[in-house]
K.L.:
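Let me give you the structure first, and then I'll get to my questions.
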Amino acid sequence: MVLISKQALRDYGKGLSVIILFLVIWEIAAILIDNNYILPSLESIAEVLFHPFEPVLGGASLMANTIVSLKEVLTGFFCAAALAIPLGMLIGWSKEVQAYLNPIIQILRPIPPIAWLPFAIAWFGIGINSILFIIVLGAFFPILINTVDGVQGIRVRWIEVAEMFHATTFEKLRTVIFPGALPRIWTGLRVSFAIAWMCVVAAEMLPGTTAGLGFLIMYAYNLGQLNVIGAGMVVIGIIGLGADMLFKAGQAKFFSWEGKE
Amino acid sequence: MAEPVLSVVGIQKTFSGDGEPCPALAGITFDVAGGDIVCIMGASGCGKSTLLRIIGGLEHADAGSIEGVAGSAAGGASAAMIFQDHALFPWLTVEENIAYGLRLAAQNIPEDEVHHRVQELLTLIHLGSFAHSLPHQLSGGMKQRVSVARALAIRPSILLMDEPFSALDTFTRRELEDEILRIRQKLKTTILMVTHNPEEAVYVADRIVVLSERPAIVSEILPVNLVHPRSFTDPEFIRIREEVTRKVQGKPDEEK
């Protein structure tokens, strides 16, 4: 049985009331302004949202565009994780490797992924490869930094226990360092998914793309259909929130031991 | 005396932190006989823990040798260490923690044997019903018992304990001291324990090795020839306890 405390319910209520207030103000403003090119009404946005499988503005459906974006973000996200987790473990493990790589990481890290777009297009051309490049760049650093921190935060005592039992270097990595760092790696994955999701929408707004939520938003903008843009934004927000909730649930389920001993 | 399971011969260790070299151990020599419980005592900072870590293979001595126990370089562990802070892996269940050493390649033990030994040890430490709990769900004393079971799982020829009960409250501590005696009785385990509590030493030990202040040498080896169960109020118990305390403080013998 799932028990939700009264406090939690009350907090949900508080959050919901502000969302409702926001929607009411939006709707009132939309009625007063009465111009779909400035502020589309809630009904016109809902109209698009509630027909997710119908073609939008003569193109692909909302659902089809969403799936395109999701596929892109997941591909990029997993590529980034596959690169950043092993590299982060190496950097966290070896002071030598860290000395070599840390400066360049610290310089590249603050650059917004979108700033790489001109290079991406020059190198990979317009299309999926450029978009993936941007997503991987955006997702890479949070995973890397958190993995390094996680490995360096491993208690020396745990490693000593492994050594006492004559664990090999690989066994130390597999049985102590990776599981010990995993809660931090998970945090890195959570942060990086949010960034990757923002990157995919931004990258799809580029000229030359033909599908995805970002494309849909730009396409609707060119046709002046602000209600379609609003619907796209709602979908982006809900997917971002849902992913974050999944990561949080995973944290609660698998890493309840973190910080407790 | 039975054949020594462990011989510590002329162990020397000097720490060279910032600048000044700081001699900690200046030639430590003693034996531990099979099935004995030996306690190491000494003023704080005299290098007791360092000595135990050298025996356990976690640190290297500058000179001298450890005989009878394979250091960490050799395969097939024969010394297992228990730390003051249980040092359990918080992401593994009680059962998985106990099995940890057994599942490493160094032990090369088939999985049904691992399972068999873990069940045996869970019974031994009375934590069968907590097999699937995580360490943070256990009390301090229970965690330290799991830590003991994890060390015993590899059937070490000697159990090294570094102030294993000093983080526990008095009652839990008594309970665990009795448990250690019971385990020794049952498994004939040889135990080398660092403690700073003279009462604990006299309660569990067959012999007490007293180290001098640093740089430490063995200043005395006191036998404790009392039958178990020992009583804290036995005049002989009190006499030995007082003697140990004096020796640790480096005071001369009382005038007779």
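Protein chains get the first letters and strands the later ones, always in sequence-line order, with residue 1 at the start of each.
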K.L.:
I'd like a table of donor-acceptor pairs (distance under 3.5 Å, sequence neighbours excluded) in which one partner is a side-chain atom from residues 109-116 of chain A, with atom names and distances.
P.N.:
residue: A:Arg109; atom: NE; partner: A:Gln106; partner atom: OE1; Å: 3.4
residue: A:Arg109; atom: NH2; partner: A:Gln106; partner atom: OE1; Å: 3.3

K.L.:
Within a reach of under 6.0 Å around CG of A:Leu9, are more than 12 heavy atoms found that belong to other residues, nucleotides or ligands?
P.N.:
yes
K.L.:
I'd like to know whether NE2 of B:His126 has more than 12 heavy-atom contacts from other residues, nucleotides or ligands below 6.0 angstrom.
P.N.:
yes
K.L.:
Anything in residues 174-203 of chain A with a heavy-atom distance to chain B below 4.5 Å? Please list those residues in order.
P.N.:
A:Thr175, A:Val176, A:Pro179, A:Gly180
K.L.:
Evaluate the criterion side chain to side chain contact (heavy atoms under 4.5 Å, CB included) for residue pair A:Met164 and B:Leu160; output intermediate values, then yes/no.
P.N.:
CA-CA 11 Å; A:Met164 177 189 87; B:Leu160 307 173; over 6 Å; no
K.L.:
Once you measure the plane-to-plane angle for A:Trp158 and B:Trp91, does it fall in the parallel (<30°), tilted (30-60°) or perpendicular (>60°) bin?
P.N.:
perpendicular
K.L.:
Sequence neighbours left out, cut at 3.5 Å: what donor-acceptor pairs do the side chains of residues 79-97 of chain A make with other protein atoms?
P.N.:
residue: A:Ser94; atom: OG; partner: A:Glu96; partner atom: N; Å: 3.2
residue: A:Ser94; atom: OG; partner: A:Val97; partner atom: N; Å: 3.0

K.L.:
Please report the closest heavy-atom contact between B:Leu104 and A:Ala162, naming both atoms and the distance.
P.N.:
CD1-O, 4.4 Å
K.L.:
Do you know which two heavy atoms are closest between B:Leu58 and A:Glu160, and how far apart they sit?
P.N.:
CD2-O, 3.7 Å
K.L.:
Could you tell me which residues satisfy ring-ring contact (aromatic ring centres under 6.0 Å, His included) with A:Phe78, sequence neighbours excluded, listed by chain and number?
P.N.:
none
K.L.:
A quick test of your reading: do over 12 heavy atoms of other residues, nucleotides or ligands sit less than 6.0 Å from NZ of B:Lys186?
P.N.:
no
K.L.:
How close do B:Ala151 and A:Phe165 get, heavy atom to heavy atom, and via which atoms?
P.N.:
CA-CZ, 4.3 Å
K.L.:
With rounding to the nearest 0.5 Å, note down the distance linking CD in B:Gln84 to CZ in A:Arg157.
P.N.:
8.0 Å
K.L.:
Calculate, to the nearest 0.5 Å, the distance between atoms CG and CZ belonging to B:Asp85 and A:Arg155 respectively.
P.N.:
4.5 Å
K.L.:
Please classify the contact between B:Arg53 and chain A as side chain, backbone, both or neither, with a heavy-atom cut-off of under 4.5 Å.
P.N.:
side chain
